[in-house]
Protein chains: 2
Amino acid sequence: MTSTAAPGSNAGTKGVARADREAQIVDVACRVFGESGFAGTSVADIAEAAGISKPLIYNYFGSKEGLYAVCVRYAASTLVDEIERTAQTGEVGLARAVVTLDGMFRVLAPQPWIWRLVFDPTSPPDGEVAEILADHEQRILTFGLEGVAELLRQVGNTDERDTSAMRAVWENVFRTLVTWWLENPDSPEEMTQRCIRLFDSVFGDGTQPLGTVSGSRGA
Amino acid sequence: MTSTAAPGSNAGTKGVARADREAQIVDVACRVFGESGFAGTSVADIAEAAGISKPLIYNYFGSKEGLYAVCVRYAASTLVDEIERTAQTGEVGLARAVVTLDGMFRVLAPQPWIWRLVFDPTSPPDGEVAEILADHEQRILTFGLEGVAELLRQVGNTDERDTSAMRAVWENVFRTLVTWWLENPDSPEEMTQRCIRLFDSVFGDGTQPLGTVSGSRGA
DNA sequence: TCGATATGACTCACGAGTAAGTTACCACAT
DNA sequence: ATGTGGTAACTTACTCGTGAGTCATATCGA
């Protein structure tokens, strides 16, 4: 008998429309990829977590990387949208950083895994995913970088390499605050207040604290 | 024909003593692991780069992870040794940070790949390697952490979670400066000067710059 | 000739991707 | 209302490549 799917098997439609199924798979995949990373996740893992079979994923997304690309696109654009939303508040300098961080904490609170999706070190370095990340990552982390150059200019430093290094540092301060929060969860409000305190500790001269921007949530 | 190594093959001793061969393999492995990460490196890659065959590596190191453990141990203790050496200069606060960074740049200049070995995100999360890293990583990055708590205390903040977050930030500032330098190479001296300028820009009030500790190299 | 050094050719597990089949819904003819 | 066929949804059981780890054998210095 060359029959590959025995009668009485689970094969066959379960009445779930393709669009619904795709959305469900993407949702599950985001969490699993976010937890284990691209390299650490097998397509079978996702299929099992979603309660379906592996070939269905290939039917709908073509490849592991195809599915991953959809997840990354969703994650990246979620973060970018939030950043560009908070950018409209018109804050500048540290206040802008606080508002942006506050926005991050709020979007990430219900779906913390999407952060790891965007910054997954095992994500494939070439191909579609890399392009998506290249497109978005800059926008995700570039928001306050003019502020860095400005800070250095104020003390008379216009060196390009100094500015580049300082940008890298600032980028990672931002990333670290978010990452720390994901590993040490809090309410977004509390974490924003914490960031304000920390910025004040480092930068503040005590006279005009950042506290005034707390709780701001534009448009 | 059950012969597995044909007559006239390359099999047989090449007169290299085991200790020498081991050292050579570790040296090559450090570079390859450092470039491609643990997960991205196959044992065959290392064997080829070292000009030997795969089974020899298993003879000497038992497993891929066994070899990796030796590499990580070397890398981690190199960094820790340097940190503990500079700690003896007795500097405190930011000056200590500068001295430590300066030491890092000098050890890493001739063997930059060992940094990546210690902070490889694809390194196995359990087992011997994880233990080695857990033992060393703390010492690598903890050097200035009392300074963080002190900074916060000075502004009247003794909150534990604030301190924890601030520690994470400072850790990553340190890491980012080193990583940026590895990706944008410079002489160690120039990079140390850069760090001094950047610290001055952020923390300095302009009156007593950190420049006085430049070039310090203890004991 | 014995033991250390060394290798070619294997096994085995795992994960990406595929071929070929099964089941259920639905439009439509009767 | 009921058979009938087309099609979308779905699965089982495979292939195939890759990389970790092993075995049996070969060479050479002492």
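The basis for the numbers below is simple: all heavy atoms, side chains too, and nothing from hydrogens, waters or symmetry mates. Chain naming here is simple, since letters A, B, ... match the order of the sequence lines and numbering starts at 1 in each.
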Subject >> Within 45° cone of Phe38(A) ring axis and under 6.0 Å: Lys64(A) NZ or CZ >> reply: yes

**OP:** Could you check how far CD of Glu48(B) sits from P of dG19(D), rounded to whole Å?
**Re:** 12 Å

Original post:
Do we see a donor-acceptor contact under 3.5 Å between the side chains of Asp81(B) and Thr78(B)?
Top reply: no

**OP:** Would you write the dot-bracket representation of DNA chain C, where each base gets (, ), [, ], | or . depending on whether it forms a Watson-Crick or G-U pair under 3.5 Å and with which partner?
**Re:** ||||||||||||||||||||||||||||||

Subject >> Proximity to the side chain of Tyr58(B) - top-ranked nucleotide from dG15(C), dG19(D), dG21(D) >> reply: dG21(D)

Original post:
Would you say a side-chain N or O of Arg21(A) is under 4.0 Å from OP1 or OP2 of dC10(D)?
Top reply: yes

Original post:
Quick one: which of dA6(C), dG17(C), dT12(D) gets closest to the side chain of Lys54(A)?
Top reply: dG17(C)

**OP:** Choose from dT11(D), dT7(C), dG19(D) the nucleotide whose nearest atom is closest to any side-chain atom of Leu56(A).
**Re:** dT11(D)

**OP:** Can you figure out which of dA6(C), dA9(D), dA16(C) approaches the side chain of Ser53(B) most closely?
**Re:** dA6(C)

**OP:** Mind calculating the distance between CD (Gln24(A)) and P (dA9(D)) to the nearest angstrom?
**Re:** 14 Å

**OP:** Identify, residue by residue, the members of residues 59-75 of chain B with a heavy atom below 4.0 Å from DNA chain C, and return them in order of residue number, or none.
**Re:** Asn59(B), Tyr60(B)

**OP:** Could you list the residues that satisfy side-chain hydrogen bond (donor to acceptor under 3.5 Å, both in side chains) with Thr176(A), not counting sequence neighbours?
**Re:** Asn172(B)

Original post:
dA19(C), dA20(D), dT7(C): which one has an atom nearest the side-chain heavy atoms of Pro55(A)?
Top reply: dA19(C)

